[in-house]
Amino acid sequence: MSDKVELKYKNKSYELPVMIGTENDIAMDISRLRAETGLITLDVGYQNTGSTTSSIAYIDGNNGVLRYRGYPIEQLAENATFPETAYLLIYGELPNYEQLANFRRMLTQNALVHEDMLHFFVGIPPMAHPMGILSSMVNALALYDPKYYAEESDSEDFDLMVARLISKVRTIAAFSYKKSIGEPFVYPDAKKSYCSNFLNMMFHSHAKPYDEDPLLEKVLNALLIIHADHEQNCSTSTVRLVGSSKANLYASVCAGINALWGPLHGGANQAAIETLLQIQESGMSIDQVMDRAKDKNDSFKLFGFGHRIYKSYDPRAKVLKNLVAKVFAERNINDPLLDIAYELEQRALNDDYFIERKLYPNVDFYSGILYRAIGIPVNMFTVMFAIGRLPGWIAHWKEMHDDPNFKIGRPRQVYTGLLERSYVPMDERY
Ligand code: SDX
């Protein structure tokens, strides 16, 4: 069904095609706008602008729906593993037994980083932020991959890059943690699953052996799954834009890592916990917190609340809130930050300022509470987000490169600077 939009400008009338998505999301296709009308659009922050079509994730922000390739995230978080979900996002279908076995074998075979890369860790300052380490090391991975350049890579090379990235980011993250606490690196174990391997590399040491923990492994799978994709968010759009110049997959993912680091985006999980810690340590009352969160002149922000797309409860926050309750009950954990989080949520959901602006808890509000329960340090929370989001970044990079109408991304602007003027020699300047 084709629909049209009529545009009237300076006594002329134009028709623009309307595109209707499979979930009936509608878009005015402005691909010919400038050629036909001389007009461009202006949309700061791309709040109303679609950059692409995509079949990877679907979000219904008003009804709190998120699906990966049609599967609700609640079902994937409950039943799937992270490698299975990564395969689904990147290749489009849930893997059969043989495909999953092959994918897992490739992840196992590519878990190590080149021994020469360990020298990079020596030069990194002890308190370096793990997101800075991760982005540096991911960029360095390309230097050890002769076939990294997208132009020459065929599907086998792509599959190998996928396995290398998804497996090695886990190793790099664990090594950066060991480096920060001055302990020797624990190498990946070919006999362990993706999540169990990560937990072992993080928490095993000769002084304190790590015993596999099926509950934490299930929690980590769910955490990584619900972070795995989220359509055209800031970091995924960054990966697409960098990849659109035909920069290689490692460089594009590295750009995504750096975009995710920001506290308005993936860095919000670290900022949210730091806010809860600040409330706990300062003795700030919830009334004071709410007042400061609403005060435009106060830089204090309630991280983990609000979302560009979700104008209802973020379905991922629901999954995480339920997971927190389950794990805390099973392990008899008592974390005062959780009590603060519950109280904050209750107050915000009943506060006119938050209700009017449709501000609800987002994925970053409860994730930090869970990471703390697992023993992940606060400054690694966004690294965990990056490990989870990596399959989504790769899936979007692949979808863009597989598109026969693929184009380099190059937005326009409205110039508001000075009109032409002549050069002023130094002695005539004041
Ligand atoms: C992620 O895009 C994605 O999909 C991202 C993500 C993903 O999976 O990739 O979901 C992950 O980034 C989640 C969001 C994490 N960020 C935070 O929790 C930071 C706190 N939230 C805000 O900074 C904000 O809500 C954003 C950045 C998330 C969304 O910003 P928008 O859509 O540009 O909305 P806005 O900043 O214009 O806010 C609208 C109003 C404003 O008030 P008014 O000017 O209308 O009076 O809501 C207010 C804002 O001041 N507001 C908040 C608030 N968030 C928005 N007020 C207090 N506390 C907050 N947290």
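Computation of the quantities below employed the complete heavy-atom set of this structure, encompassing side-chain atoms and omitting hydrogens, waters and symmetry-equivalent molecules. If you're wondering where the values come from, they're calculated on a predicted model, not measured in any experiment. When a ligand or atom number is given, it counts from 1 through the structure's own listing order.
Look at Arg389 and you'll find a heavy atom under 4.0 Å from some atom of ligand 1.
Polar contact with ligand 1: absent for Gln47 (N/O pair, distance under 3.5 Å). Taking any N or O of Cys234, backbone or side chain, none lies under 3.5 Å from an N or O belonging to ligand 1. Of the N or O atoms in Phe354, none lie within a sub-3.5 Å distance of an N or O in ligand 1. Below 3.5 Å of separation, one finds no N or O of Asp314 facing any N or O of ligand 1.
Cation-pi geometry between Arg104 and Tyr194 is not met at under 6.0 angstrom from the ring centre and within 45 degrees of the axis. Both tests do not hold together for Arg331 against Phe328: distance to the six-membered ring centre under 6.0 Å, angle to the ring axis within 45°.
Using a 4.0 Å cut-off between heavy atoms, Arg316 contacts ligand 1 through its side chain alone, with no backbone atom that close. Here Tyr353 has side-chain heavy atoms under 4.0 Å from ligand 1, and that is the only part of it that gets that close.
Inside a 4.0 Å radius of atom 50 (O) of ligand 1 there is at least one protein heavy atom. The protein does not reach atom 36 (O) of ligand 1 closely, with no heavy atom under 4.0 angstrom from it. For atom 19 (C) of ligand 1, the nearest protein heavy atom lies under 4.0 Å away. Within the 4.0 angstrom cut-off, atom 47 (O) of ligand 1 has one or more protein heavy-atom neighbours.
At most 12 non-hydrogen atoms from other residues, nucleotides or ligands lie less than 6.0 angstrom from CD of Glu98.
Counting atoms of ligand 1 from 1 in the listed order, those under 4.0 Å from a heavy atom of Gly304 are 17 (C), 18 (O). Proximity to Gly306 (heavy-atom distance under 4.0 Å) selects the following atoms of ligand 1: 25 (O), 28 (C). Atoms of ligand 1 lying under 4.0 Å from any heavy atom of Ala268, numbered from 1 in the order shown and given with element: 15 (C), 16 (N), 17 (C), 18 (O).
Residues Thr236 and Glu231 bring no donor and acceptor atom of their side chains to less than 3.5 Å of each other.
Ionic pairing of Glu345 and Arg347 is not present here: no N-O contact between side-chain nitrogen and carboxylate oxygen is shorter than 4.0 angstrom.
Of the options Lys311, Arg357, Glu356, His307, the smallest heavy-atom separation from atom 6 (C) of ligand 1 is shown by His307. Comparing Leu264, Ile226, Leu302 against atom 60 (N) of ligand 1, the shortest heavy-atom distance belongs to Leu302. Closest heavy-atom approach to atom 2 (O) of ligand 1 within the set Asn362, Asn233, Val363: this belongs to Asn233.
Taking every heavy atom of both residues into account, Asp145 and Met161 meet most closely at OD2-CG, 3.4 Å.
The salt bridge (charged side-chain N to carboxylate O under 4.0 Å, His left out) test applied to Asp298 returns Arg292, not counting sequence neighbours.
Residue Arg372 holds its CZ atom at 10.5 Å from CD1 of Ile333, rounded to the nearest 0.5 Å. Rounding to the nearest 0.5 Å gives a distance of 12.5 Å between CD of Gln280 and OG1 of Thr275.
When only non-hydrogen protein atoms are considered, atom 55 (C) of ligand 1 lies nearest to Leu359 CD2, 3.6 Å.
Aromatic ring centres of Phe305 and Phe365: separated by under 6.0 Å.
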